[in-house]
Visitor: 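Dropping the structure in here first, questions after.
Every chain is numbered from 1, with letters handed out A, B, ... down the list of sequences.
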Number of protein chains: 2
Amino acid sequence: MPIRPAPRVAEPEVCSPVTCKDCGIYGLCREVNGPDVDLRLLETIVRNRKLFKRGELLYRVGEPLRAVYAIRSGSIKSYVVTNDGRVQITGFHITGEVLGLGALVANQYMSEARALETTMVCEVPVDVLEAYSVEVPSIRQQMLKIMSQEILDNQELMLLLGKKNSDERLATFLLSLSRRFQRRSYSPTQFNLSMSRSDIGNYLGMAEETVCRVFTRFQDDGLLATERRQVKLLDQDRLKSIARI
Amino acid sequence: MPIRPAPRVAEPEVCSPVTCKDCGIYGLCREVNGPDVDLRLLETIVRNRKLFKRGELLYRVGEPLRAVYAIRSGSIKSYVVTNDGRVQITGFHITGEVLGLGALVANQYMSEARALETTMVCEVPVDVLEAYSVEVPSIRQQMLKIMSQEILDNQELMLLLGKKNSDERLATFLLSLSRRFQRRSYSPTQFNLSMSRSDIGNYLGMAEETVCRVFTRFQDDGLLATERRQVKLLDQDRLKSIARI
DNA sequence: GACTTTCACTGACTTAGATCAACCAAACAG
DNA sequence: CTGTTTGGTTGATCTAAGTCAGTGAAAGTC
């Protein structure tokens with residue numbers, strides 16, 4: 001049996017709320033706060049803060065679109081369900097990201113969304129969003145950009161599920177999270193996973209046990225250090241070559 | 001070795017073009033041909049027929065959106081490619097279906113599309129489409145409906161790739177094709193597969209050989225009859241229970 | 001603080017499906 | 001018409017990852 005050092009990593013940092021600058025709808029807020037526009041959107045958004053506890057539902061598939069959500073702090077999972085009850089997680093959303101925009105197409109939510117931990121969101125009612133997307137053209141642009149990123153993310157997940165092995169899947173997952181934390185001004189090398197091993201396995205199409213084993217092997221190989229949900233990436237280059245990014 | 005009867009199936013029917021009534025953009029054509037609108041859209045569409053031979057490319061990922069396509073006859077595959085060259089087919093499109101609408105979000109194509117056989121399409125230039133979607137509100141509705149179906153199809157594929165075994169995958173695939181042929185007024189029980197076993201395997205995330213083996217087993221079990229690309233579904237109920245639909 | 005539940009991890013074993021290799025039939029090219 | 005290529009099928013073998021079972025640690029709960 002190989003000796004594994006099981007290196008300690010720092011305590012989880014307090015989950016601080018994102019600044020508006022790092023928020024996915026900052027573009028929207030900034031636009032309506034330009035020289036010639038009033039503060040109504042920002043005010044509406046700021047007034048509509050909502051808190052979801054771990055496990056609470058934001059919306060269900062098929063429900064009429066009420067609002068889209070920007071995550072100020074915390075994290076959320078999106079998933080779809082078969083008629084025989086099997087679940088496929090289709091995305092994790094972290095602080096600063098926006099979800100629910102896919103619902104704009106059909107005017108109803110296309111998936112279910114559930115908080116992974118205590119999560120504070122800015123709720124943007126759809127009528128407010130639509131009114132402003134008419135008044136301020138670049139809001140429309142911003143929304144389309146987020147929606148097209150959603151399509152690309154889905155395609156990337158299809159590729160991962162259809163064509164990658166377990167090592168590639170987990171490496172891809174960790175590097176994607178890393179990149180997204182960096183974009184929101186968090187550390188790209190050290191972060192806390194708010195989802196369970198089981199959720200990761202579900203998302204990546206592998207068994208929970210396999211997720212654990214790959215984590216352990218990556219740790220043995222000096223690629224990263226983990227302690228439960230705290231992760232420290234030690235060799236991003238090698239992870240990239242494993243993920244084939 | 002079990003004796004397999006290898007039942008004969010009828011010759012492939014001639015691939016006849018879809019009637020406008022069965023076409024995915026019929027709603028659009030009909031709208032602009034209502035009592036108070038002129039014939040410009042239909043004329044534009046009918047004038048812009050294009051023929052693609054097997055293997056020819058309709059568009060590449062990243063190319064600026066020029067037009068969307070309605071298939072009059074033939075079939076097309078959409079796919080995405082990793083930077084190391086692996087391919088994941090994300091959809092097959094048959095006669096009567098519309099493709100390219102996903103590109104409206106980012107104003108550029110999100111995947112590559114290639115003809116599986118000699119394929120006749122109605123090309124709808126994006127400026128024509130946009131002009132009419134302003135004039136005729138229900139065209140916008142029709143487009144949104146097709147786009148939301150695309151999102152749902154992607155989610156279904158993620159679920160299939162992440163959570164289903166080989167039998168479920170192939171049964172799901174065949175029943176999905178069957179339903180779509182039926183919608184376009186073709187036989188739901190007997191049809192021609194325009195894609196190779198290798199393409200089916202790629203789409204469903206399984207090896208070509210596994211696709212063959214499952215076809216053979218389904219045939220042995222009396223669920224269907226195949227001869228190369230010609231398929232006859234013999235027991236849709238049992239297929240449904242396998243697919244868990 | 002004791003009890004229960006949940007979660008992460010590990011080992012032993014099994015298996016679905018991949019890979020490798022070969023063959024045949026149809027389609028195609030000259 | 002003949003040689004060549006492509007696509008579909010099958011058998012033999014291998015292996016990556018799933019399943020089952022058990023343990024310990026952490027996090028809730030009363």
Visitor: Using five pairs at either end of the helix from C:dG1-D:dC30 to C:dG30-D:dC1, determine the angle between the two local helix axes and round it to 10 degrees.
Guide: 50°

Visitor: Rounded to whole angstrom units, what separation is found between the CZ atom of A:R86 and the P atom of D:dG18?
Guide: 15 Å

Visitor: Less than 4.0 Å between a side-chain N and a carboxylate O, is that true for A:R244 and A:E168?
Guide: yes

Visitor: Round to a whole Å and report the spacing from CG of B:N202 to C1' of D:dG7.
Guide: 16 Å

Visitor: Between the base of D:dT6 and the side chain of B:R54, is there a donor-acceptor distance below 3.5 Å?
Guide: no

Visitor: From C-beta outward on A:E209, which listed nucleotide comes closest to its side chain: D:dG8, D:dA21, D:dA26?
Guide: D:dA21

Visitor: In plain terms, say whether B:E112 and B:R60 are close enough for a salt bridge, that is, a side-chain N and a carboxylate O under 4.0 Å apart.
Guide: yes

Visitor: Should B:H93 and B:S78 be marked as a side chain to side chain donor-acceptor pair (under 3.5 Å) after you check the CA-CA gap, both sets of side-chain angles, and the distance that decides it?
Guide: CA-CA 8 Å; B:H93 314 279; B:S78 292; 2.6 Å; yes

Visitor: Do other residues, nucleotides or ligands put more than 12 heavy atoms under 6.0 Å from B:R54 CZ?
Guide: no

Visitor: Has the side chain of A:E208 got a donor or acceptor that lies under 3.5 Å from a partner of the other kind on the base of C:dC9?
Guide: no

Visitor: Atom pairs under 3.5 Å, N or O on each side, protein against nucleotides 13-17 of chain C: can you list them with distances?
Guide:
unit_1: C:dG17; atom_1: OP1; unit_2: B:S166; atom_2: N; d: 2.9
unit_1: C:dG17; atom_1: OP1; unit_2: B:S166; atom_2: OG; d: 3.4
unit_1: C:dG17; atom_1: O5'; unit_2: B:S166; atom_2: OG; d: 3.2

Visitor: Return the value, rounded to whole Å, for the distance between atom CG of B:L193 and atom P of D:dG7.
Guide: 15 Å

Visitor: Using only atom types and a distance under 3.5 Å, with no angle test, would you say the side chain of A:Q88 pairs donor to acceptor with the backbone of A:Y203?
Guide: yes

Visitor: Are B:R197 and D:dT9 close enough that a side-chain N or O sits under 4.0 Å from OP1 or OP2?
Guide: yes

Visitor: Between B:E97 and B:R180, is there a side-chain N and carboxylate O pair less than 4.0 Å apart?
Guide: yes

Visitor: Among residues at least two apart in sequence or on other chains, which ones pass ring pair (Phe, Tyr, Trp, His ring centres under 6.0 Å) with A:Y109?
Guide: A:Y59

Visitor: Mind calculating the distance between CZ (A:F218) and C1' (C:dA8) to the nearest angstrom?
Guide: 17 Å

Visitor: Go through it in stages, so that I can follow the logic: the residues are A:L204 and A:I200, the test is side-chain contact (heavy atoms from CB on, under 4.5 Å), and I'd like the CA-CA distance, side-chain angles, deciding distance and then a yes or no.
Guide: CA-CA 6 Å; A:L204 298 177; A:I200 296 173; 3.7 Å; yes

Visitor: Grab the CZ-C1' distance between B:R213 and D:dG11 for me, whole Å please.
Guide: 7 Å

Visitor: Is it possible for you to check whether B:R197 lies under 6.0 Å from the centre of the six-membered ring of B:F215, through NZ or CZ, and within 45° of that ring's axis?
Guide: yes

Visitor: Of all the choices, D:dG11, D:dT9, D:dA26, which nucleotide is nearest to the side chain of B:T216 once you look at every atom?
Guide: D:dT9

Visitor: Taking only side-chain N and O atoms of A:R229, does any of them lie within less than 4.0 angstrom of OP1 or OP2 on C:dA8?
Guide: yes

Visitor: Between C1' on D:dG28 and NZ on A:K53, what's the gap in Å once rounded to a whole number?
Guide: 14 Å

Visitor: Side chain of A:C212 only, please: which of D:dT10, C:dC9, D:dT19 is the nearest?
Guide: C:dC9

